[in-house]
Protein chains: 2
Amino acid sequence: MPETSSPAPLRVALLGCGVVGTEVARGILANPIDLEARVGTRVELTGIAVRSLDTERVTDDGFVIPHDLLTTDAEALVDGADVVVEVMGGIEPARTLIVRALGAGAAVVTANKALLAERGPELFEAADAAGVDLLYEAAVAGAIPIVRPIRESLAGDHVRRVLGIVNGTTNYVLDKMATEGLDLDQAVKEAQALGYAEADPTADVDGFDAAAKAAILASLAFHTRVALKDVAREGIRGVSAADVAWARRTGHVIKLLAVAEVIGPVDDGEISVRVHPALVPDSHPLAAVRGAFNAVFVEADGAGPLMFYGQGAGGRPTASAVLGDVVSVARRRLTGGKGLRESKDQAFPVLPSQAAVTRYQVRLAVADRPGVLAQVAGVLADHGVSIDTVRQAPSDEKAETAHLIITTHAAREASLAATVDAVAGLEAVREIISVLRVEGS
Amino acid sequence: MPETSSPAPLRVALLGCGVVGTEVARGILANPIDLEARVGTRVELTGIAVRSLDTERVTDDGFVIPHDLLTTDAEALVDGADVVVEVMGGIEPARTLIVRALGAGAAVVTANKALLAERGPELFEAADAAGVDLLYEAAVAGAIPIVRPIRESLAGDHVRRVLGIVNGTTNYVLDKMATEGLDLDQAVKEAQALGYAEADPTADVDGFDAAAKAAILASLAFHTRVALKDVAREGIRGVSAADVAWARRTGHVIKLLAVAEVIGPVDDGEISVRVHPALVPDSHPLAAVRGAFNAVFVEADGAGPLMFYGQGAGGRPTASAVLGDVVSVARRRLTGGKGLRESKDQAFPVLPSQAAVTRYQVRLAVADRPGVLAQVAGVLADHGVSIDTVRQAPSDEKAETAHLIITTHAAREASLAATVDAVAGLEAVREIISVLRVEGS
């Protein structure tokens with residue numbers, strides 16, 4: 001498009017040149033004409049800060065990053081930039097460099113979920129003080145546009161609940177368990193062999209990665225600040241092949257969910273933010289999210305149910321989200337105007353996990369004789385936990401044992417815990433095999 | 001949030017007070033504190049332009065619009081506004097009022113898909129000339145954030161293909177046919193009884209509504225201008241109960257799809273934009289979109305596959321999208337800076353429908369005797385149409401007729417049409433029962 005005057009090129013500094021960084025660099029270097037058309041001026045990659053100049057930087061499919069763009073002097077690179085893109089990960093030096101960039105009036109795009117979950121408020125304040133943008137679409141659910149839709153498209157609505165499958169590794173593992181009957185260790189090994197899981201899978205399997213995303217999603221959805229430490233977290237280590245098989249028999253799949261919801265009035269309630277495995281009914285859109293895909297299901301007062309689905313990780317998908325943010329901040333630098341301030345006008349108290357309210361499915365082994373179901377039901381009733389359905393599973397005749405699968409109506413986690421303790425104390429109850437939450441029904 | 005100085009309230013004029021308009025008015029009037037927090041200043045609804053002052057305006061759940069906000073003088077209302085929200089529909093007077101608003105420097109939010117599809121370029125130019133925003137999230141797929149994600153989140157990526165279920169009425173009808181075995185007329189009557197379909201269902205059933213959305217989606221996805229007249233359009237009137245049942249037997253569902261795709265190189269190709277019923281494999285995320293829900297599936301080079309799902313119509317969902325846009329333009333008026341220009345830097349030729357390339361499933365009745373399949377396959381081969389699978393269906397013994405269900409590899413529509421003509425001319429072929437496109441595999 002012809003411009004009456006040619007604006008100065010936009011100088012972009014890239015911090016980090018790993019799986020995502022190489023793809024961001026390729027996106028800028030390989031599509032100069034398209035980017036210029038989107039932004040309105042030329043986008044110039046001024047340099048890439050790396051720890052070592054010795055490594056060759058190349059994308060998975062062979063695009064070689066020019067060596068002369070690499071530098072170990074991140075501070076000098078930041079100081080000359082209009083836009084700083086941080087894809088190095090970790091807390092330091094990423095935090096210091098971002099604060100430095102914002103202080104100098106540069107816009108910042110980051111994919112760093114851990115940093116945002118731990119130090120978000122400090123960074124957002126620095127961006128607000130400088131009047132510049134700090135965007136982070138890539139930090140939650142990779143390529144899926146979810147930050148911008150919640151932050152902008154739903155800004156005139158009230159979000160009630162967010163249910164997210166935001167960790168592809170665990171979704172892959174649970175999907176393998178469901179479809180191929182593998183146990184957890186086997187499925188994790190397969191995920192490792194395919195590069196979906198790290199050698200040490202703790203961050204994924206124990207829910208740390210999902211918890212950081214839950215904190216960011218809750219902060220966005222409820223215009224408040226939720227820190228990582230506020231997120232109740234339970235990973236998938238306790239999920240057995242039998243749990244997955246039983247879920248299937250009762251019309252569910254097990255997913256590791258990031259849950260953020262308002263309990264009580266939407267303008268004066270409390271919020272619950274948590275990560276845990278949950279039974280999701282087969283009919284729910286999240287149940288169809290297979291393999292390493294991510295999806296975020298949002299319920300809002302006006303919009304009703306919404307779902308956003310796509311790839312949650314990987315160099316190219318994550319770089320797509322980063323580049324979208326680069327175009328956004330670049331356009332704003334050109335059209336003028338201050339950055340979009342992160343809204344944090346609400347101060348919802350975050351409920352302790354014991355106060356969260358959900359439905360539960362409890363599976364237990366009981367003596368196979370008349371009257372046991374009535375006994376168990378009586379204990380639930382005494383604790384005020386209401387039963388939705390009970391299913392008696394085929395008994396093991398030799399051991400004179402039957403299985404009861406009890407699905408409750410919504411109950412506080414604390415009440416349920418006390419109830420389960422009481423049930424476990426019944427003479428006729430041999431074992432509490434599993435207690436799983438049910439979401440999305 | 002405390003502000004150092006209190007900005008002037010933002011004056012919003014609403015044009016139209018029907019199903020969507022009443023909900024937009026409620027959204028502004030009932031949540032003043034939330035809106036102020038999101039925007040940064042008070043949002044004031046200055047008036048609502050209506051045709052008649054005699055009707056009482058009330059939302060479905062009883063929120064009454066104050067009568068003193070109503071006016072029949074739309075022009076005066078527009079002239080005093082910072083933001084004009086147009087939800088009256090139709091081409092005139094909506095077009096004239098929007099142009100007037102933009103000319104006076106007001107930002108405009110519209111849900112008017114027909115107007116955008118027919119007169120979009122003129123409106124975008126007026127917005128660009130005035131340096132103000134013209135936003136239209138509600139015009140495609142109601143509550144689903146799809147315009148903003150394509151326009152902004154994917155701005156650094158290349159979209160290859162968009163497949164949209166963007167008409168809830170026809171999706172409801174096709175879903176009823178599939179799940180309850182109804183024929184088209186019965187399902188349409190049921191949709192009418194539930195208020196999903198108009199007394200005259202032409203706009204939905206014949207694909208006009210979907211075609212307008214296809215034009216908007218294609219323009220957005222490919223940074224080009226696609227007019228309604230460029231969209232090849234085929235509705236669902238030709239879809240029989242037998243087609244739906246056969247689709248199911250071959251592992252598909254039939255959906256009315258809005259398709260926009262690049263054929264050839266992404267920076268120098270052609271695009272095909274069309275609306276037609278298509279077979280979608282059961283395993284595709286779009287296949288699970290049930291009832292009156294909408295969904296848009298996007299394939300981009302970097303991001304890979306994405307899907308956006310939610311309610312595509314209705315007063316509250318559509319108002320949610322409108323209000324999100326109101327907050328966006330209001331924020332920009334406060335933070336300063338020009339509106340975001342609609343990008344139209346690409347000039348993809350739009351292919352005629354005969355040149356579109358898809359897979360097909362052809363169902364035909366043939367004489368039940370040896371050698372017929374070979375004959376039919378020979379005709380396809382002669383025309384360069386490659387066969388993916390052939391299925392012989394249980395024959396009708398009395399009539400000595402068998403069914404062949406042939407699924408082809410990708411072929412040009414023109415080649416396929418010639419091929420089908422030639423097949424129909426074979427002595428052994430009794431009838432070409434149906435020819436349906438296959439998408440999403």
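Naming: A, B, ... by sequence-line order, numbering from 1 per chain.
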Heavy-atom pair count under 4.5 Å with chain A, highest-scoring of B:P149, B:G142, B:S153: B:S153
Chain A contact via B:Q311 - which portion, at a heavy-atom distance below 4.5 Å: both
Show the nearest heavy-atom pair for residues B:V162 and B:A221, with the distance to one decimal. CG2-CB, 3.9 Å
List in chain and number order the residues that pass side chain to side chain donor-acceptor pair (under 3.5 Å) with A:R332, two or more places apart in sequence or in another chain; answer none if no residue qualifies. A:D133
Under 4.5 Å, heavy atom to heavy atom, which residues of residues 297-305 of chain A contact chain B? A:D301, A:G302, A:A303, A:G304, A:P305
Testing the basics here: between B:D325 and B:Y136, what is the closest heavy-atom pair and its distance to 0.1 Å? OD2-N, 3.3 Å
Scored by heavy-atom pairs under 4.5 Å with chain A, the best of B:L35, B:D34, B:L334 is B:D34
Identify, with sequence neighbours excluded, every residue that meets ring-ring contact (aromatic ring centres under 6.0 Å, His included) alongside A:F308. none
Most heavy-atom pairs under 4.5 Å with chain A, out of B:M307, B:E152, B:R38, belong to B:R38
Verdict with supporting geometry, A:Y309 and A:F293, side-chain contact (heavy atoms from CB on, under 4.5 Å): CA-CA 7 Å; A:Y309 165 95; A:F293 275 85; 3.6 Å; yes
Need one label for A:E137: side chain, backbone, both or neither, based on atoms under 4.5 Å from any heavy atom in chain B. side chain
Using only heavy-atom distances, determine whether the side chains of A:R290 and B:S283 contain a donor-acceptor pair under 3.5 Å. no
I'd like to know whether A:V87 forms a side-chain contact (heavy atoms from CB on, under 4.5 Å) with A:L14, so could you lay out the CA-CA distance, the side-chain angles of the two residues, the decisive distance to 0.1 Å, and finally the verdict. CA-CA 8 Å; A:V87 290; A:L14 181 58; 3.8 Å; yes
Counting heavy-atom pairs closer than 4.5 Å to chain B, which one of A:G131, A:G310, A:A155, A:G27 comes out on top? A:A155
Name each donor-acceptor pair under 3.5 Å that joins a side chain in residues 313-324 of chain A to protein atoms two or more places apart or in another chain, with its distance.
unit_1 : atom_1 : unit_2 : atom_2 : d
A:T318 : OG1    : A:G314 : O      : 2.7
A:S320 : OG     : B:D157 : OD2    : 2.6

Can you measure from CD1 (A:I150) to CD1 (A:I146) and round to the nearest 0.5 angstrom? 4.0 Å
With chain A as the partner, which of B:V326, B:L154, B:N31, B:V289 has the greatest number of non-hydrogen pairs under 4.5 Å? B:N31
